[in-house]
Structures are given as C-alpha cells and as structure tokens.
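To keep things clear, I will list the structure first and then write my remarks on it.
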Amino acid sequence: MGNKVIIFSAPSGAGKSTIVNHILGLHPELEFSISATSRAPRGQEQHGVEYYFYTAEEFRQMIEEDKFVEHEEVYPGSFYGTLKSEVNRIWAKGHAIVFDIDVQGGVNLKRIFGEKALSVFIQAPSVEVLRERLVGRGTDTPEAIEKRVAKAASEMEFAAGKFDYVLVNDDLSKAFAEAEQVIGSFLTNS
Ligand code: 5GP
C-alpha cells in the first residue's frame, strides 16, 4: 500500500471533494495529500489541513528549491503544487496517497507515478449543472464562477481519454458506489 496513489481530477463543482471525502472515510489506509497553494484561505480553511498556504513569493522560492513533484498556476496568479515532502510523509506511514488536483496536474501525476497510480476523472453532467453548483456553494464571486466554468468546459475536452477511469457524477449515491468499486478493486488487485 505504501507506494500506491489515487488521483482525482475534476472541474471544480463536479462534486470531487464530496466523493474524495467519502472514499477517505471508508479507507483508513488512504491519506489525503495536502497541496501547497498561494491562494488565500476560504472560510474555515486552515494551514496544514486543506492546504499549506504560502505567499506567491514563498511559493516561487520553493519552486526554485525544487521542492515540488508538480506545480501549476491553476488560475492566473494562484499557484498550486504537490510537495515532495508530502508524498514522502504519507508513504512513510505505509499509506496510499489520495490526490485532489486539477486536470493538467492529474495527467502529469499519472505520467510520473505510472502503474502505481489510478487516475479518476469526475465529470459533472453538464456545464449548466456545474454553474448551478458553484452558485449554490456560495463561496465564489460571480466573476470567479464564470472563470471556473470556462476552465471546466476546456478541461472536460482535454480530459477525454487521458484518465484510467471517468466517473460521471449525475447521482451522488451512484457515484459513491462506482467510486467504491473502482478504488476497492485497485487497492486489492494491483
Ligand atoms: P480550489 O482553489 O478550489 O481549492 O482548487 C482549485 C483547483 O486546484 C482544483 O481543481 C484543485 O484540484 C487544484 N489543485 C489543488 N491542489 C493542487 C496541486 O497540488 N496541483 C495542481 N496542479 N492542482 C491542484
């Protein structure tokens, strides 16, 4: 288990966090990889829980020091990345790693980890449903929502054929069951 990884990617609003949290709740041998980011914390988010929060300057410094497995400017001015130290921290415990990462990052991680990795793309049923979900979540400005929706549309196109598994999240209980099945089989059989 100590060298496996599961990669979840999705346009934001596709219900990724809900599915990831469900799977983490079922498997104590899985551990969430906490990414580093230069975006500001939202709501109750805390350093070392949802993300490791840094300034853009600190983030750039860490890039120069080669501290990342992968990193990206996911939104203009907002950097996100997976720290090498985070991967080592989780594997050292004998746990498998769960990544919640944007689509480009997911493709990059799959390339890096190869057969050790199961990559899952979570797809929202449509761009309209995605917009409704983001509005319903109430954490982003209308401008930010439009940016996320535009990005989602291009990500859905880009993702086709690049992931091991595509999970369409139109019904949450069905999506849970499907995720449980595909992850259970990856953990026991490979
Ligand atoms: P949010 O700001 O909504 O938490 O995340 C924005 C996007 O950044 C999401 O698609 C999320 O999966 C992605 N993300 C989070 N951590 C990482 C990371 O370490 N690397 C990359 N490339 N993307 C990440």
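Fair warning: this is a prediction, and the values are worked out from it, not measured in the lab. Read the numbers this way: they start at 1 and go in the same order the structure lists the ligands and their atoms.
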Test side chain to side chain contact (heavy atoms under 4.5 Å, CB included) applied to His71 - qualifying residues, sequence neighbours left out: Phe59, Ile63, Phe68
Student check: side-chain heavy atoms of Ile97 and Phe32 closer than 4.5 Å: no
Residues in salt bridge (Lys or Arg N to Asp or Glu O under 4.0 Å) contact with Glu72, at least two apart in sequence or another chain: none
Heteroatom distance test (His71, ligand 1): nitrogen or oxygen, under 3.5 angstrom: no
Charged tip of Lys151 within 45° of Tyr75 ring normal and under 6.0 Å: yes
Polar atom proximity, Tyr51 to ligand 1 (N or O, under 3.5 Å): yes
Where ligand 1 meets Ser35 - atom numbers and elements under 4.0 angstrom, heavy-atom basis: 16 (N), 17 (C), 18 (C), 19 (O)
Glu50 and ligand 1 - part of the residue with a heavy-atom distance under 4.0 Å: neither
Ligand 1 contacted by Tyr75 (non-hydrogen, < 4.0 Å): yes
Same apolar cluster (I L V M F W Y, side chains within < 4.5 Å links), Ile7/Leu26: no
Stepwise side-chain hydrogen bond (donor to acceptor under 3.5 Å, both in side chains) test for Thr37 and Arg39: CA-CA 6 Å; Thr37 184; Arg39 81 149 163 78; 5.1 Å; no
Which segment of Val74 sits under 4.0 Å of ligand 1 when only heavy atoms are counted: side chain
Nitrogen or oxygen atoms of Arg42 and ligand 1 under 3.5 Å apart: yes
Ligand-side contact atoms (ligand 1) for residue partner Arg148, heavy atom cut-off under 4.0 Å: 2 (O), 3 (O)
4.0 Å heavy-atom contact, Lys16 with ligand 1: yes
